[in-house]
Amino acid sequence: MENFELQTPTRIYFGRGRENEAGAIAKAHGARKPLICYGGGSVKRSGLLERVKASLAEAGLDFAELGGVQANPTAEFSAYTARFARENGCDMLLAVGGGSVIDSAKMAAYCVHTDFEPWDVTMKRAVPTERVPVGVILTIAATGSEMSDSAVLTNGKLKRGFNSDLNRPVFAIMNPELTFTLPPFQTACGVVDILMHTMERYMCTNTDNDLVDKLAEGELRAVIAAGRRAMAEPEDYEARATLMLAGSLSHNGLMGAGRACGLWAHKLEHEMSGLDDRIAHGAGLAVVWPAYLQFFANRGAGRERLFRYAVNVWGVEPDYTHPERTIQGGIDACRAYFDSLGMPSRLGDLGLTEADIPVMAASATDNGRISYPAIIPMGLEESVEIYRLCL
Ligand code: NZQ
Ligand code: ZN
């Protein structure tokens, strides 16, 4: 096990009806005037926004509201949110939505009381030391942003993440019922993203972290089953609850504890949804991941890990005489599962073409200057090869 640090300060308020406590919870975390941040309108259609406002009013809190965060949020809107919060005297950003709303709020939070711009913070040109607190009411189980130390913004065609423990929200209200209204496509994108946050960390170079390996395998099996159930029956509370809790645990740092790993398939995906912000993050990941593993399998790298992954996560029958068959079985089973969720499987399904590959690979590796320490070091050439396996 590698040395590590882990801080997960976000207080979770989990379960049915908890959003009706939003006022009391925000107040307990020091808010006097929260700014309710939300996306394109799903929280209005579901009636959630009205319930949140009623709860804030009941707790005697003044508040302001700002909708309009787009999926794959822009640095520009995040900057506007910071100005809006400052002009309205808000002392907390209350993100009601998914990863996009949360990330937009997280990065705005650095800029309410400073002259920083969210994009400068993202690119590490401005170094924040404090921020306005961020609270969350989660409406989609997916990114884990409600507990994570990261936030991702897009500026033009560039999508980049910023990691800091300051990013972690102070609280997250998580009622699985709020996810009943998700379109099947978004449910599926969420399932893929949850799996990916654990699978990527599992696909590490050290193979001696038995506790975290087994936590990961158990979590992955539970998410695979819950994903099937939630797709078949959107109002299956237990399945939705499993996905919601797993989303947080997948990306709060626990699954990376003691591992040497990175989220390089994520990096390759961010180039895709950066190039075209209509691409949903989970859908892009569904295309990249099988190709990412195929790349290692083709090179005969990471064989023990890939073998264990196939058997312990996807239930492939181990073939010790022909381990490559077992490995391939794991990759194929994952691809088949993503297909069963209705996810895309090729770059073309996302509207991307072969011509986009050199652009994305160059951007991911800063024109070949960066190489990532994955099972095989991943540079420009490797990134191109993986993207080509996505064709
Ligand atoms: O905008 P509205 O109208 O609310 O609709 C949203 C949006 O269209 C809709 N939706 C959300 N909850 C709903 C709902 N529709 C009906 N009922 C509900 N209960 O779903 C659509 C997608 O929402 P979004 O917030 O974009 O999804 P997600 O949570 O997957 O967030 C994706 C963003 O987070 C980033 C991604 O790259 C992407 O930009 N990520 C953030 C991470 C982090 N901060 O830790 C880690 C991830 O790896 C990821 O990169
Ligand atoms: Zn992700």
Side-chain angles (χ1 to χ4, degrees), residues 10 19 36-49 67-75 77-78 95-107 122 134 136-155 159-164 167-169 172 174-201 230 234-235 240 243-244 247-248 250-253 255-256 262-274 276-286 288-289:
T10 309
E19 69 278 12
I36 307 172
C37 305
Y38 60 94
S42 72
V43 297
K44 281 189 172 168
R45 290 191 295 279
S46 67
L48 173 61
L49 184 62
V69 181
Q70 69 166 64
N72 295 321
T74 64
F77 195 86
S78 182
V96 186
S100 296
V101 175
I102 302 168
D103 288 3
S104 179
K106 280 178 170 180
M107 296 309 293
T122 307
V134 174
V136 171
I137 301 178
L138 188 65
T139 65
I140 172 171
T143 62
S145 182
E146 65 278 4
M147 280 187 98
S148 81
D149 68 347
S150 43
V152 187
L153 289 180
T154 298
N155 190 19
K159 187 175 185 180
R160 291 290 180 264
F162 174 69
N163 286 57
S164 163
N167 265 341
R168 298 189 192 262
M174 294 165 54
N175 174 2
E177 290 175 326
L178 298 180
T179 65
F180 288 176
T181 53
L182 279 168
F185 176 76
Q186 289 298 340
T187 296
C189 286
V191 170
V192 172
D193 198 19
I194 296 166
L195 291 173
M196 284 295 295
H197 291 148
T198 295
M199 291 194 297
E200 280 221 53
R201 291 177 168 99
E235 301 202 1
R240 292 292 194 181
L243 294 178
M244 200 169 238
S248 301
S250 237
H251 201 38
N252 72 353
M255 294 300 168
L263 300 183
W264 313 134
H266 259 77
K267 180 80 182 152
L268 297 179
E269 189 300 301
H270 283 167
E271 297 304 332
M272 292 154 61
S273 49
D276 183 346
D277 63 10
R278 293 167 302 180
I279 296 173
H281 174 60
L285 290 172
V288 166
W289 183 244

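Each ligand, and each atom within it, is numbered from 1 in the order the structure gives.
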What is the closest protein heavy atom to [atom], and at what distance does it sit?
atom                    : answer
atom 41 (C) of ligand 1 : Asp103 OD2, 3.1 Å
atom 34 (O) of ligand 1 : Thr143 CG2, 3.4 Å
atom 17 (N) of ligand 1 : Thr181 OG1, 2.8 Å

Please confirm if an N, O or S atom belonging to His281, backbone or side chain, lies less than 2.8 Å from the Zn ion (ligand 2).
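For His281, the answer is yes, given that an N, O or S atom comes within less than 2.8 Å of the Zn ion (ligand 2).
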
Under 3.5 Å between some N or O of ligand 1 and some N or O of Val101?
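It does not: no N or O of Val101 is found under 3.5 Å from an N or O of ligand 1.
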
Could you tell me which atoms of ligand 1, counted from 1 in the order shown, lie closer than 4.0 angstrom to a heavy atom of Leu178?
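Going through ligand 1 atom by atom, the ones under 4.0 Å from Leu178 are 19 (N).
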
Which of the ligand 1 atoms, numbered from 1, are nearer than 4.0 Å to a heavy atom of Ala151
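Counting from 1, the qualifying ligand atoms are 44 (N).
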
By atom name, which N, O or S atom of Asp193 is the nearest to the Zn ion (ligand 2)?
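Answer by atom name: OD1.
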
Nearest non-hydrogen atom to atom 4 (O) of ligand 1 belongs to which of Ser42, Gly39, Ser46?
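Nearest heavy atom to atom 4 (O) of ligand 1 lies in Ser42.
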
Out of Ser100, Gly144, Gly274, indicate the one that has the non-hydrogen atom closest to atom 26 (O) of ligand 1.
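Checking each option, the heavy atom nearest atom 26 (O) of ligand 1 is found in Ser100.
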
Could a heavy atom of Val43 be found less than 4.0 Å from some atom of ligand 1?
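The answer is no: ligand 1 sits nowhere under 4.0 Å from a heavy atom of Val43.
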
Charged N to carboxylate O below 4.0 Å: is that the case for Arg168 and Glu146?
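Salt bridge: no.
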
Mutual orientation of the aromatic rings belonging to His266 and His251 [parallel < 30°, tilted 30-60°, perpendicular > 60°]
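Geometry flag for His251 against His266: parallel rings.
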
Rounded to the nearest 10 degrees, what's the angle NE2 of His197 makes with NE2 of His266 at the Zn ion (ligand 2)? Could you check?
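Rounding to the nearest 10 degrees gives 90°.
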
I'd like to check atom 8 (O) of ligand 1 in this structure: does the protein have a heavy atom lying under 4.0 Å from it?
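For atom 8 (O) of ligand 1 the answer is no, since every protein heavy atom stays at 4.0 Å or beyond.
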
